[in-house]
Amino acid sequence: MPPKRKVTVACKAMKSIGFPENEVKPVLNRLLESSDYNWGYIENDEYRALIEALLQKKQEQEKSVEFKKKEACSNEKTKGSEPEDFEPIGKRLRRRHQEERALVAVDCSEPEDSEPLVKRLHQRHQEEGALVAVDCSEPEDSEPLVKRLHQRHQEEGALVAVDCSEPEDSEPLVKRLHQRHQEERALVPVKTSNLQLVITPSKRGYQDINEVSSGSQDWSEPEDSEPQLKRLRPKRALQSRPDAELMQICDEEEVEESTPLKVWIEQTKSKPVSPLQHLKNESRKCNLSTTSPVPKAKGSSQPNLCNNSTESDSLSFQEKGKTSVTPQVAPGERRLTSERGNGIRPFEKLMVEPYLDHTPVENVLDMYQENNFNLPRDEPPTDNHLIDEVPLAIILPDIGGSSSCGNGSNAKADVLEVLKSQSLDMNEKAPSVDGLSNGKSSAAKEVLQFDITSSPKREVKLALICNSSERSNFHIPSLDAVFKVVEENFLKLHGLTEFNFSLLELMTEFCERFWAMGTDSAVDEHLRSTNILVSKISDAQGGHDGKDGHVGNYCIPSSLSSGSVSVQNPIKVMPQIPKPIAPSGLGGLHCVAGFEIKDIENICGESERRLKLLKDPQSSNSNNREIVQKHHTPFSVVNYCDYVDDITRGEEKVKIPLMKGSAEDLPAFRYISKNLVYRKGYVNFALARISDEHCCSNCFGDCLSSPVPCACARETKGDFAYMPGGLLKQNFLEESITINRNPKKHQYFYCKNCPLEGSKNKKKSNRCKGHLLRRFIKECWSKCGCNKSCGNRVVQRGITAKLQVFWTPEGKGWGLRTLQDLPKAAFVCEYVGEIVTNSELHERNLQNCGTEKHTYPVLLDADWVSEGVLKDEEALCLDATVYGNVARFINHRCHDATLVEIPVEVETPDHHYYHLAFFTTRKVDAMEELTWDYGIDFNDCDHPVKAFQCLCGSQHCRGSNR
Ligand SMILES: C[S@@+](CC[C@H](N)C(=O)[O-])C[C@H]1O[C@@H](n2cnc3c(N)ncnc32)[C@H](O)[C@@H]1O
């Protein structure tokens, strides 16, 4: 969307919640400036940043005389304790935003609030707005923060009680919000009948974040789902009663609170924005009112609401003799106020964005993606900066010869309609690429603007708008020549005569990055970043005439009214051009750049030959490849493109593209997303084999939120391995990593008759070399009562991360990398292949002996110890050589691999078969390679994994000197 439009949309959105446009624009401007024109930041969370900024601006403006004294007084007192108040607003907002994001990274404690942000903000402010009965004339409390927070609980209750009885409704919401903000910012000491406290919401927010990230939060406890109403109650009394009574006590107390609830609703109904609050409270009323009790369902957070309260909170209230304070507020209101106070659930947590697919792991990954990918910057929304909605660019037709080609302006308009355009004012922002920036003094002076235009059709167009007012004799030069000169100059400038530099490649990468970093959460969009090729216009003036497969370009005259000339659209990145693999080594890029596109089908034919998709993977050999080559059909174009687009051929929920531009052959294999038994392997998924001990048939909903861990947590000693959100718990991950990296002696098991060794030599059984005993994860499954989105189902949901198969520069062949930042402890993929017995594997190895091709087997021996003596058909491994998933591309790393493999029990309690899942060992950055330690003994010549000269490059490489 062009910036102008974005401004309009933002103003409209703000108007809808009561901020007039004339107030919004300056704030928006300021925010844009301070965020480097990052619209993503501003639009995120339904304009959260903007709303916050507006509120803050308001409060700054409306500091009235009556508050001046208080403000001066409180500022004096709180100097130093609230450093953020002295930060510029943009910086503070950004920092806060970052911290919130960081919180999101670990905040998996409960399903997030599904209400839209604006609604939530309104509600929060409305609720907070009620807390305005403050008196800052008293000296500030010098008690420690924790103590003050406890007091705050009680205090807020009292405040609200007072507040409800007063006609505070007569104040407009916005005013109350501002007032509240002002009070919060100024750390106004609040006086009630008994004590003072300091309201420091932002401070509390940060404190909470710190608590969470420091691990003080127990992710296994759904503490947040407990209504704070109940937390406020004195617990000591409850503790002395039998469990059975607890529920009743809660109910009784709810009766007490039902009346104020009604009163409150009455009051809020009269407020301009109350329907939002009202709706929320209505729903809470359903949950909390005794007149409509909700059944205490197992698996939901309800049953433990009473006895799960934060003991320290409750006790401290009682100790301080505060139990007499009757919180006369609506439950919703109370919940929020106490949340702020107890340091458990800061407001920020409510702002967690919904997950992409509403499944925990996907959401986490998506959030990380959002967190770590900076959205492209936009220009400032000032009128003088606003660019034309129609970008100054030449629109090329679809190279694939779509029917719209040659259709003049109509088609152009169609394309333009969906284009997103962004600009960089070159007078302000120097290009960051070395060489370009060096040359800025001369060349960049003439580049007035750098436009990037993209469309949902996966097109990226770059346009440099140059000032040629002093060059009346301007003509369009040969782009080939321009590229050549720029490349040569660049190399000369940097003394890189041996260096192979291609400007076009650089621009292609730029476009790829643009897509990768700008993609939104739509699952299939991530492919944009890879399945794109660059094409140039050889004659920007006249467009194409049908030669070279381009029919009828749509050109905008290059002369611009202001005397500048637009070197328009020198490249166009087009998806789906089926030529990612070219003989030159530069791949399709080179081919297209050389204007050699004559016939798309020819290109696809070539690509298909190189790709060598198998008709019958089991009989894969060079002859077979020839057959594929000969049986090239017109449909191969589609097949081929599909494959590069997505090596999974639709087998996974996400597409996994192949990096374009490599001349190397992809190994011949057939993609499968689930393990398949080859022949003899014994795997029994019979429901009857799953006893009650091995499933949780009585559960429902999300097992992770159940107060009592269900049977499926037994494998992990009663503590689920996952946190809500899909990440592994820290201790479980660390333990698994340690077992892998520094196994202790006792973690090895030695078989009497090792199936592995036995399979190697039928006559003589070699001594068992030992098998590492690993910790299993047990996931809920079909026989369990919980639902599909239960937090204890992660691996079975499959791949959700954005991955790419790429050609490694170190010489390891193909590898796998992530296109998005991944958090530590995130599931990436499992190792999928054919389930073969050890003897079958041995046979395969023998067959392949001496040939280049070798298998990539993984032994499923993590629990052979408890399986006793295994028959051959039970001693299994996974071979992904011919049938496999993306994990077959994961390369080995001797030390500090980014992935660790963990056995996962899903369909069967028999541990001779399980899933092998890869989780990140640390935060992995976008574009980093994903590796795991194969566990190879590089000196063991008859290990099933054929040893290779290791090029992992790690400090403690075990196999580099073979
Ligand atoms: C599971 S495959 C990984 C994908 C493989 N690179 C490919 O192109 O298909 C294992 C093979 O990759 C290569 N490989 C993996 N890790 C390596 C490393 N650290 N150094 C050198 N080669 C490696 C070896 O040839 C090994 O047999």
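Counting starts at 1 for both ligands and their atoms, following the listed order.
- Side-chain contact annotation: Tyr883 with Asn675, donor-acceptor N/O pair under 3.5 Å absent.
- At least one donor-acceptor pair under 3.5 Å links the side chain of His892 to the backbone N or O of Tyr934.
- Side-chain atoms of Glu928 come within 3.5 Å of backbone N or O of Asp925 as a donor-acceptor pair.
- Under 4.0 Å from ligand 1, heavy atoms of Cys952 appear from its side chain as well as its backbone.
- Looking at Phe889 next to ligand 1, no N or O pair under 3.5 Å apart turns up.
- No donor-acceptor pair under 3.5 Å is formed between the side chain of Lys923 and the backbone N or O of Ala825.
- Closest heavy-atom approach to atom 26 (C) of ligand 1 within the set Tyr831, Phe948, Trp814, Trp807: this belongs to Phe948.
- Every atom of ligand 1 with a heavy atom of Gly813 under 4.0 Å away is listed here by number and element: 6 (N), 8 (O).
- Within ligand 1, counting atoms from 1 as listed, the ones closer than 4.0 Å to a heavy atom of Cys950 are 19 (N), 20 (N).
- For atom 6 (N) of ligand 1, the choice among Lys812, Glu929, Arg888 with the nearest heavy atom turns out to be Lys812.
- In terms of modelled atom types and a separation under 3.5 Å, the side chain of Asn885 and the main chain of Glu830 share a donor-acceptor contact.
- Shown in contact with Asn891 at under 4.0 Å from a heavy atom are these atoms of ligand 1, numbered in order with element: 3 (C), 4 (C), 5 (C), 6 (N), 12 (O), 13 (C), 14 (N), 15 (C), 16 (N).
- At most 12 non-hydrogen atoms from other residues, nucleotides or ligands lie less than 6.0 angstrom from NZ of Lys871.
- When Glu810, His892, Gln949, Arg893 are checked for heavy-atom proximity to atom 16 (N) of ligand 1, His892 turns out nearest.
- Close approach to Ile890 involves these atoms of ligand 1, each under 4.0 Å from a residue heavy atom: 1 (C), 3 (C).
- Ion pairing between a basic and an acidic side chain is recognised when a charged N comes within 4.0 Å of a carboxylate O; Glu734 and Lys824 show such pairing.
- Residue contact annotation: Pro667 has a non-hydrogen atom under 4.0 Å from ligand 1.
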